[in-house]
There are 2 protein chains.
Amino acid sequence: MNRPTLRDVAQAAGVHPATVSRALNPQTRQLVNADTAQRVLRTARSLGYRPNPFARTLKTARSATVGLVIPDLTNPLFPPIVRGLEDVLGTAGYGVWVVNTDNDEQREAAAIESLRARNVDGYVLATARLNHPLIDELAAENVPVLLVNRRTERADIPSVTPDDASGVALAMRHLVELGHRRIVHLAGPQSLSTGYQRLRAFRYALHDHGLPDAPELVVECESFTEDAGAKAVQRLLDDDVEFTAVLAGNDLLAVGCYDALEERGLSCPADVSVVGFNDTRFMDKLHPPLTTVRIPHYDIGAEAARLLLEGLNQPQRHARSVLLPLSLVVRASTAPPAPRTRAT
Amino acid sequence: MNRPTLRDVAQAAGVHPATVSRALNPQTRQLVNADTAQRVLRTARSLGYRPNPFARTLKTARSATVGLVIPDLTNPLFPPIVRGLEDVLGTAGYGVWVVNTDNDEQREAAAIESLRARNVDGYVLATARLNHPLIDELAAENVPVLLVNRRTERADIPSVTPDDASGVALAMRHLVELGHRRIVHLAGPQSLSTGYQRLRAFRYALHDHGLPDAPELVVECESFTEDAGAKAVQRLLDDDVEFTAVLAGNDLLAVGCYDALEERGLSCPADVSVVGFNDTRFMDKLHPPLTTVRIPHYDIGAEAARLLLEGLNQPQRHARSVLLPLSLVVRASTAPPAPRTRAT
DNA sequence: ACCAAGACTACAAACGATTGTATTCAGACG
DNA sequence: CGTCTGAATACAATCGTTTGTAGTCTTGGT
C-alpha cells in the first residue's frame, strides 16, 4: 500500500535488493546480467518505485543539494539568477535551497547554519558584503564554494561576476562620444562590491578619456535606493555642481535621479543625460526610457551552476572564475549635452 | 574529525544514544533526568553536534519540507509570495523546494514528480491553470495541498486567494465615481483563474452600477503581456469602440495599453483613464503613474504557510480557505472623463 | 525487611538504501 | 575428474536517528 521500497522491487523481481540497487544505478548496471537488469527495471517501473533520497543520502553522505545565499529574493536582480542556477543544477539532479539574509549579519549566520544542517554539497554565495569570515569558514569545510556578483581576495575561490568595469567603460564611452565632459557618478555604498567596483571603473574611464577626476563629481549614496539617488542629485544641484550627465551606480539610483531632476524642473535628456545599471524590468517604460547597462542575470546563475558542478565532480580541479560581458542598452535618456552648460 | 553524531555525544556525555536523542528533543525531554539533560545539551553544544536531517527523515518519514509550484519565479508576482511562505515556514522548521513550470504541462508534471521524489510533506500550488488532474492526484496521497491565487471546485482543498472580486469592485467604483460610463475591460486569458475571476467581477460591477454589459467593451487578451494589451487597445481603437476608461486585467496589460494610447496620440488620463491590477514594482514611475489594485503578495505567501502548517499539524482539521482584501492605489492615470466623448 | 511503583536509562530494532565481501555455479583446462 | 576462473548474485554491515520495550535503581509504604 505504501510507497514501494527496494526490497519490494527485489521480491517482485525475484532477486536480492542489492541486485536491484545495482541494476537501477547506471554506474553499476554492468555488474548485473543484462536480462536481469531489464527485468528489474521493468518491475521497478511497474511498481512505481521511487528511490528514497534520504536513505541514499544517509548512506552515501552526498545530498545532491546545494545552498544559495542571497540578500533578498524580492530584489529583481535575483530571480533570474536563481532560475539560471536551478535550471542547470536541476538537470544535473541537484536541488537548490535558497535562503535570504536581508543583508543582516545575524540572519546570514542563521541562514548559513540552516544550510549546513541540511548537509548541502556546495554553496553559492551571492550576498553583497565585500569580505566575510564565513567564506573562509565554509571553504575550510572542504565543500565547494562559489561566489556570485562579487569576488574576494582569495584567488582560490571561484566566482562568476558581471564585468562591471567594462560595463562602466561602455557607458562612459557612450556619454563621451555624445560630447559630455562633466559626468557625475552616483556611486553605490563602498562597502558593497558592486558599489566599489563601479566607482573604481568610473575613475579609470575618466582617466582613459582624459577627463579630470574632480571630487565633486562623485557622490557616494548610502544605499542602492531611489531615495538615496534623489538625495544625491538634490545635493549636487544645491551645491551648484556643474554636470551634463549622470552615470548611476544602478537603475534605482537612476530612477531617484529622474525624480530629483523632475522636481527641480530639469529635463532628461535635454538638460541632463542619465544612464543606469542592470536594465531592471520596466526601465524601458520610464519617461524617458532609460539608457542602461544590461547584465545577463540568468546567465550568471547558469554559469555559476556549471562552475559549481565542476567543483562538485572533480574537487581537485583548479578553481576557475568567469567574468561575464555586459552590453549597453541605449534608449532615450542620453543625448548630446545642450550647447551651453545649463545655467546655474 | 568528522561531524559528530548522536553516539559521539552519547559517549562524551557517558549515556546511551537514545537518552541523547530524548534529551535533545524538547518533546521528550521530560523523560530524562533534568541534570542529565543539561549535561547532554552542553556536551552536544560543545561538540558542535548537528542532527542529521536525513537520518531523522528516514526514521520518521517526515521530511520537514514542502514543495511550492509556481509558473515562473521571474514573474515579479512570485518572489514576495515565496518569501512570505519561506519566512513563516522557515521559523516553523520547514524548508521549501521551489519549482517552476513555465506553464508547461510537461515541465509541471516533471516538477511535481521531483517534489514527490523528495518526499515533501505538503504542497503549495500557485500555478495558474484553472483545473488540474494533479490536484486530485496529490490530494489522494493524503498529503496537505494548498492552492494559492486560485481555487478549484473541490471545496475540501484549502486555498488563499486575493479577493479579486472586491478589487475589481473597488476599481470600478473609483471609475464610476469619476464619471466614467463606458469602461473597457482588458480581460486576461479565460483559462487562467485570475483572468476568469476578474472578468466575472467586472460584469457584476457593471450590473451593480447599472451600466450596460456591452460585448464590445470586453476584450479577451490571449496572455497577460504588454503586447497583448497593446494589441487589444489597438483593435478597440480600430473598431471605433467608444470608451473613456480601461480596467486592465493586470499591470502588464495596462502598460501595453499605455503604449497603444501613446502610439495613437491619445493621452492618459485626459482622453482615457487606465487602471491596472497587482501594483507591480515601478508602476508608480510610469508616465503617468498608474492607478492600480494592490495585492498583498507577501501576506498571501505568509497566510498560505500558516494554513499549510495547520494541515500539517492537524491533518483531520477542517479545510479552511482565506480571501485576502485588496486595496486601490489611486495615482495619476485616472481622472474624470473629458466633457464630450472623444471624437472618433 | 520486602514489594510495588516510578523514574531513569539502556537495549535493540527499525527506516531504505549502498557496497565490500562471500557464495554459487557454469565452463575451461590439464 | 578435480581445480581454477570469472560472472552473477546473495549476504550483511552500515549510514544516524527514533522509539517501543526491557532493565535497573530509588523510594516509600506496610
Side-chain angles (χ1 to χ4, degrees), chain A residues 1-41 43-44 47-65 93 95 116-121, chain B residues 1-41 43-44 47-65 93 95 116-121:
Chain A
M1 204 78 292
N2 269 329
R3 190 163 149 164
T5 75
L6 208 50
R7 341 181 71 81
D8 295 330
V9 178
Q11 201 153 20
V15 294
H16 193 271
T19 305
V20 177
S21 174
R22 295 195 234 262
L24 257 30
N25 182 345
Q27 309 290 325
T28 51
R29 189 167 302 154
Q30 79 283 354
L31 293 177
V32 5
N33 181 288
D35 292 344
T36 318
Q38 277 311 311
R39 182 155 42 96
V40 168
L41 260 317
T43 66
L47 290 185
Y49 170 73
R50 256 192 306 266
N52 182 321
F54 298 94
R56 169 177 299 163
T57 293
L58 180 57
K59 181 63 182 162
T60 63
R62 282 171 308 113
S63 64
T65 268
R116 279 181 148 157
R118 286 179 185 134
N119 286 37
V120 297
D121 295 336
Chain B
M1 201 81 293
N2 269 328
R3 186 163 154 164
T5 74
L6 253 192
R7 344 182 68 82
D8 295 329
V9 178
Q11 201 153 20
V15 295
H16 194 269
T19 305
V20 177
S21 174
R22 295 194 235 262
L24 258 29
N25 182 345
Q27 307 291 324
T28 52
R29 189 167 302 152
Q30 78 284 354
L31 293 177
V32 5
N33 180 288
D35 292 344
T36 317
Q38 276 311 311
R39 182 156 41 97
V40 168
L41 260 317
T43 65
L47 290 185
Y49 170 74
R50 257 193 303 268
N52 182 322
F54 298 95
R56 171 177 300 168
T57 293
L58 180 56
K59 181 62 184 165
T60 63
R62 282 170 309 112
S63 63
T65 268
R116 280 183 149 157
R118 286 180 187 133
N119 288 37
V120 298
D121 295 337

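Reminder, nothing fancy here: chain letters follow the sequence lines and each chain counts from 1.
Considering CD of B:Gln11 and NE2 of B:His16, their distance stands at 11.5 Å, rounded to 0.5 Å. One distance of note links OG1 of B:Thr65 with CG of B:Asp121; it measures 6.5 Å at 0.5 Å rounding. In this structure, the separation between OG1 on A:Thr5 and CG on A:Asn52 is 9.5 Å, given to the nearest 0.5 Å. For the atom pair B:Arg56 CZ and A:Phe54 CZ, the distance stands at 12.0 Å (nearest 0.5 Å).
Straight-line distance from the CZ atom of B:Phe54 to the P atom of D:dT18: 14 Å, rounded to whole Å. Residue B:Asp8 contributes atom CG, which lies 11 Å from atom P of D:dC15 at whole-angstrom precision. Between B:Gln27 atom CD and D:dT18 atom P there is a gap of 12 Å when expressed in whole angstrom units.
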Problem set entry | Summary of protein contacts for nucleotides 17-22 of chain C, nucleotide by nucleotide, where a base hit scores B, a sugar-phosphate-only hit scores S (4.0 Å, heavy atoms) | SBBBB-

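Annotation: side-chain hydrogen bond (donor to acceptor under 3.5 Å, both in side chains) contacts of A:Arg50 (sequence neighbours excluded): B:Glu113. The side-chain contact (heavy atoms from CB on, under 4.5 Å) search around A:Ser21 returns A:Leu6, not counting sequence neighbours.
Within the 4.5 Å cutoff, the side chain of B:Arg7 has no heavy atoms near those of the B:Val20 side chain.
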Donor-acceptor contacts under 3.5 Å from residues 29-40 of chain B side chains, at least two apart:
from	atom 1	to	atom 2	distance (Å)
B:Arg29	NE	B:Ala23	O	2.7
B:Arg29	NH2	B:Ala23	O	3.4
B:Arg29	NH2	B:Leu24	O	3.3
B:Gln30	NE2	B:Gln27	O	3.4
B:Asn33	OD1	B:Asp35	N	2.7
B:Asn33	OD1	B:Thr36	N	3.3
B:Arg39	NH1	B:Ala13	O	2.4

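Nearest heavy-atom pair across B:Ser63 and B:Thr57 is CA-OG1, 3.6 Å. B:Arg118 and A:Pro53 get closest at one heavy-atom pair: CA-CG, 4.0 Å.
Helix-axis bend for the helix from C:dA1-D:dT30 to C:dG30-D:dC1: the local axis fitted to the five terminal pairs at one end deviates from that at the other end by 70°, rounded to 10°.
Less than 4.0 Å separates DNA chain C from at least one heavy atom of each of the following residues of residues 30-40 of chain B: B:Leu31, B:Val32, B:Asn33, B:Thr36.
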